[in-house]
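Every chain is numbered from 1, with letters handed out A, B, ... down the list of sequences.
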Amino acid sequence: SENPYAGLVSRLRAAWLSGKTRPVEYRVAQLEALGRFLDEKQQDILEATAADMRKPFFESEFSEVLLCKNELHETLNNLSHWMKDEHVDKNLVTRLDSAFIRKDPYGVVLIIGPWNCPIHLLLVPLIGAIAAGNCVVIKPSEITKNSETLMAEGLPSYLDKDCFAVVTAGVQETTRLLENKFDYIFFTGNPAVGRIVMTAAGKLLTPVTLELGGKNPCYVSDTCDVQNVARRVAWGRFFNAGQTCVAPDYVLCSVEMQEKLLPALRKVITEFYGRNPQESPDFGRIVGDKQFQRVQALLRSGRVVIGGQTDEKERYIAPTVLVDVQPSDPIMHEEVFGPILPIIIVANMDEAIDFINSRERPLVVYAFSSDDKVVNQVLERTSSGGFCGNDTLMHVTLTSLPFGGIGNSGVGMHHGKFTFDTFTHHRGCLHRGMGREALHALRYPPYSQQKLGIVRVASEVKRKDACTLL
Amino acid sequence: NPYAGLVSHLRAAWLSGKMRPMEYRVAQLEALGRFLDEKKQDILEATALDMGKPSFEAYFTEILLCKNELNSTLNNLCHWMKDEHVDKNLVTQLDCAFIRKDPYGVVLIIAPWNYPIHLFLVPLIGAIAAGNCVVVKPSETTKNSERLIAEMLTCYLDNDCFAVVTAGVQETTRLLENKFDYIFFTGIPSVGRIVMTAAAKHLTPVTLELGGKNPCYVSDTCDVQNVARRVAWGRFFNAGQTCIAPDYVLCTVEMQEKLMPALREAITEFFGSNPRESPDFGRIVGDKQFRRIRALLCSGRVAIGGQTDEKERYIAPTVLADVLPSDPAMQEEIFGPILPIVVVANMDEAIDFINARPRPLAIYAFSCDSKVVNQVLERTSSGGFCGNDTLMHVTLTSLPFGGIGNSGLGKYHGKFTFDTFTHHRGCLHRNMGLEALNALRYPPYSQQKLGLLTATFEIKRKGMCTLL
């Protein structure tokens, strides 16, 4: 039977071939429209995410609105510069030619968003896709129904319907959507679905970016300001009730540090949410019943020392810290993605590094130490999508840093100019003169040693003196 | 899995951190340089045996261009490896924010047969420069080159970190069942699909350098003899077995009339009146490929050449006139010394013709009028582009080389190869103290805190700028 989305995709492809999205003025207009969506629908965004997962207004305004506007402004401020042909170094042979990198759009791209930060994680890739001149099919998560409806109804009122479309789809329909040929697919979600998306893309030779997840380790050395560490780790863990792909997933520290960290964490949680976090307006809820049950089951790991209370009706799980956690415990077998922080004891930094390196490479590695050398060692001897020393989450708020995974945590990177580059085909171009044929004569047959000698001299790149790594 | 031991041996070497220091990478790259110098004669002989490659062509593509990539890399490696410090906002002003260049780990390079040294060596240079361990799988089609690579490379490179695997289709399938941290494949689109599907199971990033039918538009306003020479050179180099060769010409019937005698003259200039006797014209790599290409001759009408000799796998430099889109030569990448000419009414029709087909690795446009060249560039999409010449855009290490759509994904050459095999790790190193700076973000939340937080985080829209 005919694919239900074939018509939509060919309509968008025709719009792309018309060249409508190429001029900078068109792209700027669409991006400014997105800006108006963020401004005019700000209250709707806060209310939708609150309805979907009781996201506190502060958190949604910061992550779903402010960070998106930053990406938007960064893009608008630099777009004409990013779009320009980049002229490149030439050699002797091409000295008189024009050699440059042309920034071409891919064409019709697909962006699949997840539910945990439903506006941001769709809009930030969308900004780059539009900036790069593509037509876009947007597939918001079907799990956060209020946000999905807001985008499905709101975005088409702001964006050009010829070139941009929102598709609401569950698993079955998304599978059918993926049978169509897209020119780029940007997916945010879990690794299992990432494999499915990349396999579908592989059949059609479609390039992909996959922003996945993993268990982000958080090493806390013995030399640190315990109260500060507790505050920064708790903030990263409990923001959005733990449903953040870059949240610290588990702590690695010595038994002495654990003894100091626990009262500090207890104090911080009370500072943040009061004595009964269930009554705090600043603490979120788990997005759905299925996810609630999954996270709740992880509580049977080690021993609960802080929190542990749950309320199924509200999908509330208290900010929780677990100790005496073993690598074999349930909580160490999957990404937690909830407000539970397990602590694993290691003897020292070397053991922590070995622990990290014997597992799948995460989206981020965190290391806390007053000693810079310790932070640098952890950075140097591990591999992860990103890294932050002495804090959590913050590295993804800088638009100048690339954000992306490695291994199981993902493929590709974005944010700032990296999003524009993700959705841009960098086309190597050389424009030569029609005349000056004498310059070409050396390369033509009949071949001779003499010709070869001159060709070599004209085109060779010589080795310069050795330089030292500063 | 027959390769599991090899892959874990290389992975252990990578985890040991052996290839992280620049000195180690430079030593391996310099060893590759010695391979190219000391084995130069062996390389020329192997490619001559494999496909009758003229030594001029082999020297230029398999040695000189590789040495250029090597020297470009050695000249710049310490700069490329450095942490790249990035712009910070108000909140992170006192922090260290940079991009760390990390290797992926254990990478796989699968090379094709048409430029058997160059097309594994150039990716290998970037993979080593980026600090990876590498498994190299040369093509089993060019047996002499395969043997040379398998026997010689292990003498020059550190066997802890680099390995050559000789494998046919079955064994390569088993090789691909292992987890690699990056796969770089050069070959045909159908195998590219297989590679990417295998990579997807392990979420392995890939670069696929594939192929397609590279159109060559010749406008009515051009120097016909120059065009003929440049197009013939691109088409008949390596007996047509070049992924970026001009695959077919699009021009008006008037231009076809002018081009034909000019092409005839260029071919005679290049190869003499009997190209079969020229030492400067190659042969088809194998019997299967020879028969495939020969079958394409039943397209349009043979205007120049058309002779073949199965024993030598010789196909004469051939030009076909009046070729129709439905002809055999227009159904697949030719990858042989046959140049079909398809007649179009004008540039618009040529552009529509190109855009109705899968996006190619290169588009060529010939015109004295720069506006025409720019129009073709602007209104089409392809891996790369060259105006008024063929092949040359890939000899500049400063230009990215790669496909789009069916012609591939990813890019390399020069720094782009280093970047391909590098994981760009976003890093922020903050202070253990200065906690007051963080206070605004913590619960309990308030409108006042949010207002102040916004002021410290926000990026404002600047005044409009105009596209120069």
Name the member of [options] that forms the most heavy-atom pairs with chain A at distances under 4.5 Å.
options: B:Val195, B:Asp181, B:Ile194, B:Val91; answer: B:Asp181
options: B:Leu409, B:Leu399, B:Asn89, B:Thr454; answer: B:Leu399
options: B:Asn374, B:Thr197, B:Asn355, B:Leu377; answer: B:Leu377
options: B:His202, B:His413, B:Met392; answer: B:Met392
options: B:His429, B:Arg425, B:Met196, B:His393; answer: B:Arg425
options: B:Glu30, B:Gln447, B:Gln225; answer: B:Glu30

Is it the side chain or the backbone of [X] that comes within 4.5 Å of chain B heavy atoms, both, or neither?
X: A:Tyr106; answer: both
X: A:Ser448; answer: backbone
X: A:Asp97; answer: neither
X: A:Tyr447; answer: both
X: A:Pro281; answer: neither
X: A:Thr397; answer: both
X: A:Thr199; answer: both
X: A:His425; answer: side chain
X: A:Ala367; answer: neither
X: A:Glu74; answer: both
X: A:Tyr273; answer: side chain
X: A:His426; answer: both
X: A:Val396; answer: neither
X: A:Leu452; answer: both

[X] portion near chain A, given a 4.5 angstrom heavy-atom threshold:
X: B:Arg379; value: neither
X: B:Pro400; value: both
X: B:Thr380; value: both
X: B:Arg100; value: side chain
X: B:Pro189; value: both
X: B:Leu208; value: side chain
X: B:Arg359; value: side chain
X: B:Glu269; value: backbone
X: B:Phe366; value: both
X: B:Asp223; value: both
X: B:Ser55; value: neither
X: B:Asn431; value: backbone
X: B:Lys449; value: both

*What distance do B:Leu428 atom CG and A:Leu393 atom CG have between them, rounded to the nearest 0.5 Å?*
11.0 Å
*Measuring from A:Glu460:CD to B:Lys67:NZ, what's the distance to the nearest 0.5 Å?*
8.0 Å
*asked:* Working note: A:Phe62 + B:Phe457, criterion ring-ring contact (aromatic ring centres under 6.0 Å, His included); need CA distance, chi angles, decisive distance, verdict.
replied: CA-CA 9 Å; A:Phe62 179 70; B:Phe457 262 94; 5.0 Å; yes
*May I have the step-by-step check of side-chain contact (heavy atoms from CB on, under 4.5 Å) for B:Arg430 and B:Asn438, ending in yes or no?*
CA-CA 11 Å; B:Arg430 312 204 72 201; B:Asn438 297 321; 3.1 Å; yes
_Once you measure the plane-to-plane angle for A:Phe272 and B:Tyr442, does it fall in the parallel (<30°), tilted (30-60°) or perpendicular (>60°) bin?_
parallel
*Answer whether the closest heavy-atom distance between the side chains of B:Thr390 and B:Trp233 falls below 4.5 Å.*
yes
*Would A:Asp391 and A:Arg231 pass as an ion pair if we require N to O under 4.0 Å?*
no
*Verify whether the ring centers belonging to A:Phe403 and A:Phe418 lie closer than 6.0 Å.*
no
